Trainee: 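Have a look at this one before I ask anything.
In listed order, ligands and their atoms are each counted from 1. Quick caveat: nothing in here was measured; it's all calculated off a predicted structure.
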Amino acid sequence: MSEAISGDDADLIIRGGRIHTFDESDTTVRALAVRAGLIVGLDAEAERLRARSTIELDGRTAIPGINDAHLHAAWLGARWPHLFFSDTPPDQQPSGRLVSTEVERRSALRAAWRLLAELGVTSYTEPGIGPGEDDGETGCFGSDMLATYVALHGEGAQTSRVTMLRLFGTIDGESTLEDFERGIRTPLPTTDPRWLAITGVKIFADGIPPLATAWVDEPYADGTTGGLLTRGGHDPLSAFHRMLELAASLGLQIAVHATGDRSIMEFVRVLERSNGHPAPPGPHYVVHGDLATLEQIERMRRLGAGFAVQPLIAAHTHSWARAQLGAERLATAWPLAEMLASGVLTTITSDAPIATPDWRRGLDASLDLVAAAGSPDDAGTRRALLRTMTVDAARQDGAPTWKGTLEIGKVADLAILGEDPLEPGRAFSSLDVARTIVDGRTVFARE
Ligand SMILES: [Zn+2]
C-alpha cells in the first residue's frame, strides 16, 4: 500500500497540541506526519502533506510510546487482574498452572497486549522464556509460550513490539551450567526484529534483599550473606562466570537478575574482561540492581552497560527490607538518583505482574525516590524519568536508531495523554491515556 502513496501524501497527521519528540535537544513540535508506519514530517513539513486521516490533539500532549523494558507479559495476561503487589489477598492469588493449551497461551498474550495498549505501552521486554520452564508451575515461561509468541507474531497479531530474552533455568530460581550450555546452542526462529527481537539471555544470579537471598558483601541481620543461584562447574561462581562468558562469546545480550552488591560485582568483573567478542544486539544489563554501589554504577557506565530498575517494587518492599538490611544500608538501596546522575543507561520498568504495569504509578514512585535524593519536581526531572521509558529503553533494546523518539524516519509509536506529563506538581497517575498508536495504527482510543 505504501508504494501507492506519493511523497506529498501521508497516511496520518497528528496536530493541534504539544508533541514531545524527546530528540537530542528535546524539541517540542505541533504536528507530526506518518507514512507506512514511519514518521515522515514534523511541524511545517508535516502540515504541508495531504493526509488521508487526521488526529486532532485538541490541546492534548503526545509523547513517544512507553517501552517497559522488563515486563512478563504472558504471566501478566494469564494472572490479570491479579498482581503480586495489589489488593488481591494471598488466598485469592492465582496459583498453580495458569495456562496449559495453545488457546490459553494466546488469550494470555492477547489480554496483556490489550492492557498495554490501554496504558500507552508500545514496546516491552519479555525477560525470560525458554526450556528451563517447560515443567514450570505456571506454564507462562516455557518453550510452548515462545512458540505461541512466534505464531502470533507471524499472524501480525501484535499491538506491542517485543524484545525477548531466553531462559535456560527456572524463573526466580536455579539454573545449571549444563542446561545453559545446551540451551544456548539451540536454533532461534526467524522473526522480524522490529516486532519480535530475541536478543539474548536472562540469568538469575541471586534473590532479593527482603528475603536475605541477594548475594551481599556485608552480612544481613541474621549473619548470612545470600548466594548465587547458578549451579554446575566447580562451584556456583565458576558456573556463573562460564554462563556469562559463553553468552558474551556468542554475541548475545545478557540480562542478569542481580540485587546484591556481590553478584553485581561479579557481573561487572566478567564484562570488564570480556573483549574481542562479537557486539551484542543491545547492551548487557543488570535487572533490579537494588544494592548497586556508586563504584559499580560508574564501572557499568564505563562499560556501556545498564540497569533495569523498579522503583515501585522498591516502594512496596522498603519496610520489609529494613529488618534484613538495617536503616543505614536501606538508605543507600535503590540508587535511582545516582544512576540517573551518573549517565549510566537506566530503564525504569514494572516487572509486572509483580507490580502494576501502569507506568504512571512507576514514575510517581520514581519521583518520590529522586525527590528523597534532592531532585526537584520540575520538567527536567520528569523528562529524565520519561526518557528512561522511551529513549533509554530503546537503547537497552539495541534499537535507538529506529524507535524511542519521535524523529523523522523512526517508527510512529506514540501515546497521547490528556495532560502534559512534564508539568510539575501533577501526579503521573492522574494523566489520562487518550490514545495509543503503534506503527502509525491506533491500537487503543479512549473515546
Ligand atoms: Zn522479572
Trainee: Quick one: which of Q396, Q253, R395 gives a side-chain hydrogen bond (donor to acceptor under 3.5 Å, both in side chains) with Y285?
Mentor: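 Single pass found, and it is Q396.
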Trainee: Holding to salt bridge (charged side-chain N to carboxylate O under 4.0 Å, His left out), I want the full list of residues that pass it with D23, two or more places apart in sequence or in another chain.
Mentor: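 Scan of D23 (salt bridge (charged side-chain N to carboxylate O under 4.0 Å, His left out), adjacent residues dropped) gives none.
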Trainee: What donor-acceptor contacts under 3.5 angstrom involve side-chain atoms of residues 301-314, with partners at least two apart or in another chain?
Mentor:
{"unit_1": "R301", "atom_1": "NE", "unit_2": "E298", "atom_2": "OE1", "d": "3.1"}
{"unit_1": "R301", "atom_1": "NH2", "unit_2": "E298", "atom_2": "OE2", "d": "2.8"}
{"unit_1": "R302", "atom_1": "NE", "unit_2": "E298", "atom_2": "OE2", "d": "3.3"}
{"unit_1": "Q310", "atom_1": "OE1", "unit_2": "H288", "atom_2": "ND1", "d": "2.6"}
{"unit_1": "Q310", "atom_1": "NE2", "unit_2": "A308", "atom_2": "O", "d": "3.2"}
{"unit_1": "Q310", "atom_1": "NE2", "unit_2": "T349", "atom_2": "OG1", "d": "2.9"}

Trainee: On the 0 to 90° scale, with breaks at 30° and 60°, tag the F168-F180 ring pair as parallel, tilted or perpendicular.
Mentor: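 Answer is perpendicular, since the angle exceeds 60°.
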Trainee: Which residues satisfy the ring-ring contact (aromatic ring centres under 6.0 Å, His included) test with F204, sequence neighbours excluded?
Mentor: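 Testing F204 for ring-ring contact (aromatic ring centres under 6.0 Å, His included), a comparison that skips the adjacent residues, returns H257.
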Trainee: Within the 3.5 Å criterion, strictly below it, is a donor on T148 or R105 matched to an acceptor on the partner's side chain?
Mentor: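 There is such a pair between these side chains.
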Trainee: Could you please give the number of protein N/O/S atoms within less than 2.8 Å of the Zn ion (ligand 1)?
Mentor: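 That number is 3, waters not included.
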